[in-house]
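To start, the structure itself, in structure tokens.
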Protein chains: 2
Amino acid sequence: MARVAKNPGSVAVRDRLLEAADRLFYAEGTRAVGIDRVLAEAEAAKASLYSHFGCKDDLVAAYTERRIAEARWRIEAFVAPIPPQERATRIFDWIVAWAESPEFMGCPLQRMVGEITDAGHPARILAAGQREWMLARFVEWVEAAGAVNVQQVATALLVLFDGAAIASLQDGPRRARDARWAAEELLKAAAPGGRGGRRPKTRKQGR
Amino acid sequence: MARVAKNPGSVAVRDRLLEAADRLFYAEGTRAVGIDRVLAEAEAAKASLYSHFGCKDDLVAAYTERRIAEARWRIEAFVAPIPPQERATRIFDWIVAWAESPEFMGCPLQRMVGEITDAGHPARILAAGQREWMLARFVEWVEAAGAVNVQQVATALLVLFDGAAIASLQDGPRRARDARWAAEELLKAAAPGGRGGRRPKTRKQGR
DNA sequence: ACGGAGATAGACAGATCTGTCTGTCAATCC
DNA sequence: GGATTGACAGACAGATCTGTCTATCTCCGT
């Protein structure tokens, strides 16, 4: 069981399938791409796909999971060398670079949620988890930035983050830069002693 | 040619088709809904659909056009009684109300753009026009608000607007309220004499 | 050397989807 | 009142999509 690649240099079929699905689903959407396209791109057999992933929906879920994992380590890797108090703003540099990359096609999770209406779909469940993770990061970064009104600023940055992705898909990467500018303004306004809101360090006010 | 409804009380078949398409496409996505579903919902014949709209893509374009027209008059109607200098912030009240409505399924244009990859698709062309219209409104409102750095603030609000829609689809209407808070902060910061940016009334710095 | 696990290739069933076409009916126009 | 027009109903073709299944091949461990 779980044999390795049979010939050196080739990748295990499950990975090939997932990589092919990743490329195609992200570029064209999960609904627009059929199983056969994935098989051709992966140079794999249909039986392999259905033995590794039970059905297409589960392949979509696996694709979503992969995108989430990738996003997390990319973000963590980007943020790691940055002083904690600067992370809340600098993360928007990352978004700008992402939006400027030639293969950028928006946020895969946003597009998946737009396509898959059923909130109970396994991929939707995964995406909901990523929302919480992302918000938790913003709370962390905003807190480290020493801002007042942490929760409110963090959710505002989350919304800006989302807006940067979808607006860049429509108008190009300039929107990501616009989001960055807005994020900087918000954090300046939320600097302690600034024109910002209330002081309490932590305040339960919903997520 | 262009006959009226044959029996009183019934609507012309083209309108019925468009209304049915609108409901179904918005609720489930243009790709998930087949022609037959639209026909059943509209209680119309297939030949009627293909004679009024040439193909499904054109029906999708007509749906998009309808959504755009509706958005424009709704926004204009909402904004009309509001003093111009308050419109930039108060428009976010409109978004909050929208996101709170039970049938809210995100911004139809965002979801369409996420589904339809081909930027040359007629519906995509229409959507691009709506982007310009929306940005022009924000510029107008921000200018009326007397803010400095009009273009930059306007694009920031546009990104917040987009973020409010997609984030509310994922996390619920609280994100629209978060966007409203952020918009208020940005406008406060951009008040003349505030901590905001430069003064020039109009400044070409891209759209 | 042999048996089994995993991979491939592809036929196949069944559903669904777009788009065409034929035939019928009712209302309207000249 | 006869011709025209628009709508309806639905069969049909052709493509595509998901998912199953069979048959074959190739590694790998024993």
Side-chain angles (χ1 to χ4, degrees), chain A residues 1-21 23-25 27-64 112 115-118 121-123, chain B residues 1-21 23-25 27-64 112 115-118 121-123:
Chain A
M1 63 279 276
R3 270 209 290 113
V4 209
K6 58 177 157 207
N7 45 352
S10 99
V11 194
V13 68
R14 206 196 115 101
D15 289 346
R16 274 187 356 249
L17 283 164
L18 205 42
E19 272 163 32
R23 274 192 298 274
L24 293 171
F25 286 168
E28 304 181 36
T30 61
R31 209 156 195 133
V33 174
I35 285 296
D36 292 339
R37 298 268 311 280
V38 176
L39 294 177
E41 176 93 357
E43 292 180 292
K46 197 174 271 195
S48 303
L49 192 152
Y50 280 95
S51 81
H52 281 291
F53 313 89
C55 60
K56 192 191 177 182
D57 281 339
D58 288 355
L59 177 63
V60 172
Y63 153 70
T64 301
M112 185 274 294
E115 268 192 305
I116 301 175
T117 307
D118 174 19
H121 190 290
Chain B
M1 64 291 266
R3 269 205 295 112
V4 210
K6 59 178 159 206
N7 46 352
S10 100
V11 194
V13 67
R14 205 195 115 100
D15 290 346
R16 265 175 18 236
L17 283 165
L18 205 42
E19 273 164 30
R23 274 192 298 274
L24 293 172
F25 286 168
E28 303 181 35
T30 61
R31 205 149 199 143
V33 174
I35 286 297
D36 293 338
R37 297 267 312 278
V38 177
L39 294 176
E41 176 94 358
E43 290 180 296
K46 196 175 271 194
S48 303
L49 191 152
Y50 279 95
S51 81
H52 281 290
F53 314 90
C55 59
K56 192 192 176 182
D57 281 340
D58 288 355
L59 178 63
V60 171
Y63 152 69
T64 301
M112 186 272 295
E115 268 191 306
I116 301 176
T117 307
D118 174 20
H121 190 290

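A note on names: the letters A, B, ... follow the listed sequences, proteins ahead of strands, and every chain is numbered from 1. In this text, all values refer to a predicted model and were calculated from it rather than measured experimentally.
Looking only at side-chain heavy atoms (C-beta outward), His121(B) and Val60(B) come within less than 4.5 Å of each other. Using a 4.5 Å heavy-atom cutoff, the side chains of Met112(B) and Phe25(B) are not in contact.
Computed from coordinates, the Leu49(B) CG to dA9(D) P distance equals 14 Å when rounded to whole Å. A straight line from CZ of Phe53(A) to P of dG19(D) spans 14 Å, rounded to a whole angstrom. One atom, CG of Leu39(B), and another, C1' of dG19(C), lie 11 Å apart when rounded to the nearest Å. One interatomic measurement links the two molecules: OH of Tyr50(A) to C1' of dG6(C), which rounds to 19 Å at whole-angstrom precision. To the nearest angstrom, C1' of dT20(C) lies 14 Å from CG of Asp36(B). In this structure, CD of Glu43(A) is placed 13 Å from C1' of dA7(C), rounded to the nearest angstrom. A straight line from NZ of Lys56(A) to P of dT20(D) spans 15 Å, rounded to a whole angstrom. Atom P of nucleotide dT18(C) and atom CZ of Arg31(A) are separated by 11 Å, given to the nearest angstrom.
Remark: the backbone N or O of Ala44(A) is not paired with any side-chain donor or acceptor of Ser48(A) at under 3.5 angstrom.
Residues Ala47(A) and Ala44(B) both approach DNA chain D. Their nearest nucleotides, taken by heavy-atom distance, put Ala44(B) toward the 5′ side.
The shortest distance between the side-chain N/O atoms of Ser48(B) and the OP1/OP2 oxygens of dA7(D) is not below 4.0 Å.
Side-chain to base pairing of Lys46(A) with dG19(D): one donor and one acceptor N or O lie within less than 3.5 Å of each other.
Comparing dA9(C), dA9(D), dT20(D) by their nearest atom to the side chain of Ala45(A) picks out dA9(C). Relative to the side chain of Arg16(B), the nucleotides dG19(D), dC8(D), dT18(C) differ in distance, and dC8(D) lies closest. Checking dT8(C), dT18(C), dG19(D) against every side-chain atom of Ile35(B), the shortest atom distance belongs to dT18(C). For His52(A), the listed nucleotide lying nearest its side chain is dA7(C); candidates were dA7(C), dT18(C), dT18(D).
The closest side-chain donor-acceptor pair between Glu115(B) and Thr30(B) falls under 3.5 angstrom.
The pair Glu43(A)-Arg16(A) fails the salt-bridge criterion, with no side-chain N (NZ, NE, NH1 or NH2) lying under 4.0 Å from an Asp/Glu carboxylate O.
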